[in-house]
Trainee: 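The structure is given below, and queries will be raised subsequently.
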Amino acid sequence: MAEEAPPHDPYSLLVRTIRTSIRDAVSSAYDVDEPVEVPVDPEPPVEDADVATPVALSLAKEVGEEPRRVAETILEESDLDEVVLVDEARVEGPGYINIRLNRPQYAALVLRSVFYYGEEYGSLDLGMGRPAILEHTSANPNGPLHIGHGRNAIIGDILARCMVFTNYDVEVQYYVNDMGKQIAMLAWKYIKEGRPEVPEGRKPDEFFGELYAEAAREIEEDPELEEVVERFLRSYERYLLEEESRAERIAEAFQTVVEECLRGHIETLERLRVAHDRFVYESEFVEDAVEIVEKLVEMGAAEERDDGAVVLDLEDYGIDKELVLTRSDGTTLYTTRDIAYHLWKLGRAAFVIDVLGADHKLAVQQLKAALDLLDADPDRVDVIFYEFIHLPEGSMSTRKGRYVTLDEFLDEAKRRALEKMREAGVAEDLDEEEREEIAENVAIGAVRFAIARVSPNKPIEFDWDEALDFRRGGPFIQYAYARARSILRRADEDVQRFDAAHLDDDHSFELVFRMSMFPRQVAQCVRKRRPDILAEYAYELARAFHTFYEEVPVLHAEDEEVRKARLKLVEAFTIVMENVMNLLGVPALERM
RNA sequence: GGGCCGGCAGCUCAGUCUGGACAGAGCGCGGGCCUUCGGAGCCCGUGGUCCCGGGUUCAAAUCCCGGCCGGCCCA
């Protein structure tokens, strides 16, 4: 007889079992119209209970009885005692039902799931293969990526990894803003400086970032230059629409600075292990944008102002601010092209996700309103906003040349990792190159985790020491994994049969329980679009392991059977941890 | 002036959507743990008017109203 496949999500199975049992008890004991909500708390603040539910408290009022009395009745009526995963259920406090799990049973179930699904453990089928386009990073190619862009990239990248893992057909796009005013400023400066080559050994985006900041300063000092820059922009747009050969020189300048900066961005993103499937250029949508404006005018939704600008009135959507679609000189605006881009995306995927800074909130409202007018479904566009990262001296600004680049952040993290390795005397047997590689991977983990762990709608005050506090960051997680791997290396044996009943001590079971929460946490991360949930989970899982490691001997276990069970637990932990780390993009290291 | 987001321990944050037990972590500070698997670790302790004021509720950090402070966007 073939063994039945274990559950993908053991914790949810447990919760469902408890819920069903309690619901049945409630409906047989009380006269309630609808099945009751049964909230389950995985971390009750009491000794000797693994999960709890306050269901009797809310039910008490409805049925007009004392909460404790209700809880007692539920327990009497329910078959919780017979549930194989439950050891004991009792009423405590004001009327909580506290449940102690049958630890051997639950541990066996969880480990079976982990080993059965392996690197697929945690991958629930949330997406059912639906195609989605996820756009993130999309920084202006007028300077290097700074840590603010990093927040965008990392939120987007983790979400992309989680969505692929949960069976969405994801295409990750980078929207290259290759024709805004900033690019025009840079193109102007580039020509003015005689089209300089990027000096040997310099990152192109950093080089052009400095040029851009200089351009910004010059233009600020001499407002007449504004007109020149605007002429550049007009020329380029006309070039794109009509292939006007006179503008060829200008077009070439735009394209050169964009390509060079983008090259630098990609280099940085690769280092950070952030990948895009496709780069889409804003300039590709100029024609579509013009057509959209015509259509909106035809529909009577947009109209030409006295100065020749075409504007869209969005008061029906509760937006007081009218949206300018074309300037008085006839050129389109960023948002106009963005409408075209989104229509294109919506035509290619079931839904679209954008990761954007909180400063785009109004623009997105306008975009969605415009999409609605054009008969596209704005609800298929889901935007994740993140708040800014501030430096002690103020908000970051490419224009002012005030920023901490992602490369600087990584370099500093790496420097600290190497220092720590020297201090601790680890990996001394390895050569310089191997040590460097380890430090680089620790740096990647530290940087990604530092940014990922804060919820997107929280503003961040950047502080080096805090961001690179290895004690509560990526390295903490990597270290847990390395410790586990170290045990497995030393044991050097492949345990086949073991008895999970030996894992019922508090620390082992806490680890088992945490591992069982993984599929649930991935799902939460995807549904709520909150990578920080997964980062927090990784931290808790690592903490559970560190405690286990300190408190529970594995190789020196008191008994051969216990040793086998614990070895399997450690192995299972490495599987789950590796899965989490893959989703977070935090490198899993054998040694560090 | 309007809109959105944040405000919780000295500091950095989770918990708020879906209201429930003494509000949780990390850092800091004080104390302990290497003759057993890697001390980037673990354990114990310390520390809180959950911004303020009202309201709803048996029960509010959580929901509602008003205000204050900070960030962002718009005029």
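A, B, ... follow the sequence lines: proteins, then strands. Residue 1 opens every chain.
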Trainee: Looking at A/S58, I'd like to know whether one of its side-chain N or O atoms comes within less than 4.0 Å of OP1 or OP2 on B/G19.
Mentor: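 No, outside the criterion.
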
Trainee: Could you tell me which nucleotide pairs with B/G6 by Watson-Crick or G-U wobble geometry, both distances under 3.5 Å, or answer none if nothing does?
Mentor: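 Because both required distances fall under 3.5 Å, B/G6 counts as paired with B/C69.
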
Trainee: Let me spell it out: for each of A/P67 and A/D41, pick the nucleotide of RNA chain B with the closest heavy atom. Which residue's pick is nearer the 5' end?
Mentor: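 Result: A/D41.
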
Trainee: For A/Y317 and A/D372, test the side chains for any donor-to-acceptor distance below 3.5 angstrom and give the result as yes or no.
Mentor: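 Distance-only check passes for A/Y317 and A/D372.
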
Trainee: Has A/K568 got its NZ or CZ under 6.0 Å from the middle of the six-membered ring of A/F115, at an angle within 45 degrees of the ring axis?
Mentor: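 Yes.
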
Trainee: Are OP1 or OP2 of B/G71 and a side-chain N or O of A/S395 less than 4.0 angstrom apart?
Mentor: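 No, no such contact exists.
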
Trainee: Check this one for me: any side-chain N or O of A/R530 less than 4.0 Å away from OP1 or OP2 of B/C17?
Mentor: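 For B/C17, OP1/OP2 do not have a side-chain N/O of A/R530 under 4.0 Å.
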
Trainee: Hunt down the Watson-Crick or G-U wobble partner of B/C63, both distances under 3.5 Å, from any strand shown, or write none.
Mentor: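 For B/C63, the partner nucleotide comes out as B/G55, under the 3.5 Å rule.
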
Trainee: Between C1' on B/C37 and CZ on A/F548, what's the gap in Å once rounded to a whole number?
Mentor: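 Rounding to the nearest Å, CZ of A/F548 and C1' of B/C37 are 10 Å apart.
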
Trainee: Quick one: look up who B/G48 pairs with, Watson-Crick or G-U, both distances under 3.5 Å, and put none if it's unpaired.
Mentor: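 Per the H-bond distance test, none.
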
Trainee: Between B/A40 atom P and A/E428 atom CD, what is the distance in whole Å?
Mentor: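 Taking CD of A/E428 and P of B/A40, I get 13 Å after rounding.
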
Trainee: With a 3.5 angstrom cut-off on both distances, give the Watson-Crick or G-U wobble partner of B/U12, or none if there isn't one.
Mentor: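 Checking every strand shown, B/U12 finds its partner in B/A25, with both distances under 3.5 Å.
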
Trainee: With side-chain contact (heavy atoms from CB on, under 4.5 Å) as the test, pick out the partner of A/V526 among A/R529, A/Q524, A/K528.
Mentor: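 Option passing the side-chain contact (heavy atoms from CB on, under 4.5 Å) with A/V526: A/R529.
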
Trainee: Is it true that, when you exclude A/D559 itself, more than 12 heavy atoms of the residues, nucleotides or ligands shown sit nearer than 6.0 Å to its CG?
Mentor: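 Result for CG/A/D559: enclosed.
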
Trainee: Could you check how far OH of A/Y386 sits from C1' of B/C73, rounded to whole Å?
Mentor: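 That distance rounds to 14 Å.
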
Trainee: Provide, to the nearest angstrom, the distance between the CG atom belonging to A/N457 and the C1' atom belonging to B/G70.
Mentor: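 Roughly 15 Å, once rounded to whole Å.
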
Trainee: Compare side-chain N and O positions of A/R483 against OP1 and OP2 of B/G39 and report whether any pair is under 4.0 Å apart.
Mentor: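 Answer is yes, contact under 4.0 Å.
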
Trainee: Over how many whole Å does the gap from A/M592 atom CE to B/G38 atom P extend?
Mentor: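 The answer, rounded to whole Å, is 14 Å.
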
Trainee: Between B/G28 and A/R471, is there an OP1 or OP2 to side-chain N/O distance shorter than 4.0 Å?
Mentor: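 So the side-chain polar atoms of A/R471 do come within 4.0 Å of the phosphate oxygens OP1 or OP2 of B/G28, strictly under.
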
Trainee: Can you check whether A/S455 has a side-chain N or O nearer than 4.0 Å to OP1 or OP2 of B/C13?
Mentor: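 No, no such contact exists.
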
Trainee: Flag this pair as yes if the NZ/CZ of A/R416 is under 6.0 angstrom from the six-membered ring centre of A/F470 and inside a 45 degree cone about the axis; otherwise no.
Mentor: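 So A/R416 doesn't make the cation-pi contact.
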
Trainee: Figure out the CD/P separation between A/Q524 and B/A14, and round it to whole Å.
Mentor: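 Rounding to the nearest Å, CD of A/Q524 and P of B/A14 are 16 Å apart.
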
Trainee: Could you check which of B/C58, B/G38, B/C5 has an atom nearest any side-chain atom of A/K61?
Mentor: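 Ranking B/C58, B/G38, B/C5 by closest atom to the A/K61 side chain puts B/C58 first.
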
Trainee: Give the nucleotide from the list B/A21, B/G71, B/C43 with an atom nearest to the side chain of A/P45.
Mentor: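 Output: B/A21.
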
Trainee: Using only side-chain N and O atoms of A/S486, determine if any of them is under 4.0 Å from OP1 or OP2 of B/C37.
Mentor: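 For B/C37, OP1/OP2 do not have a side-chain N/O of A/S486 under 4.0 Å.
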
Trainee: Taking the side chain of A/Y479 as heavy atoms from C-beta outward, which of B/A40, B/C4, B/A75 is closest to it?
Mentor: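 Nearest to the side chain of A/Y479 among the choices is B/A40.
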
Trainee: In whole angstrom, give the distance that lies between atom CD of A/E419 and atom P of B/A40.
Mentor: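 Spelled out: CD on A/E419 to P on B/A40 is 14 Å.
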
Trainee: Is it true that A/R337 and A/T332 share a donor-acceptor pair across their side chains at a distance under 3.5 Å?
Mentor: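 Result is yes, a qualifying pair exists.
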
Trainee: Using heavy atoms and a sub-4.0 Å distance, could you list which residues of residues 461-470 of chain A are near RNA chain B? By number, please.
Mentor: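 Residues of residues 461-470 of chain A that come under 4.0 Å of RNA chain B are, in numerical order, A/E466, A/D469, A/F470.
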
Trainee: Taking only side-chain nitrogens and oxygens of A/K458, does any of them come within less than 4.0 Å of OP1 or OP2 of B/G7?
Mentor: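 Yes, such a contact exists.
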
Trainee: Since syn is defined as within 90° of 0, does B/C72 count as syn or as anti?
Mentor: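 For B/C72, whose glycosidic angle is more than 90° from 0, the conformation is anti.
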
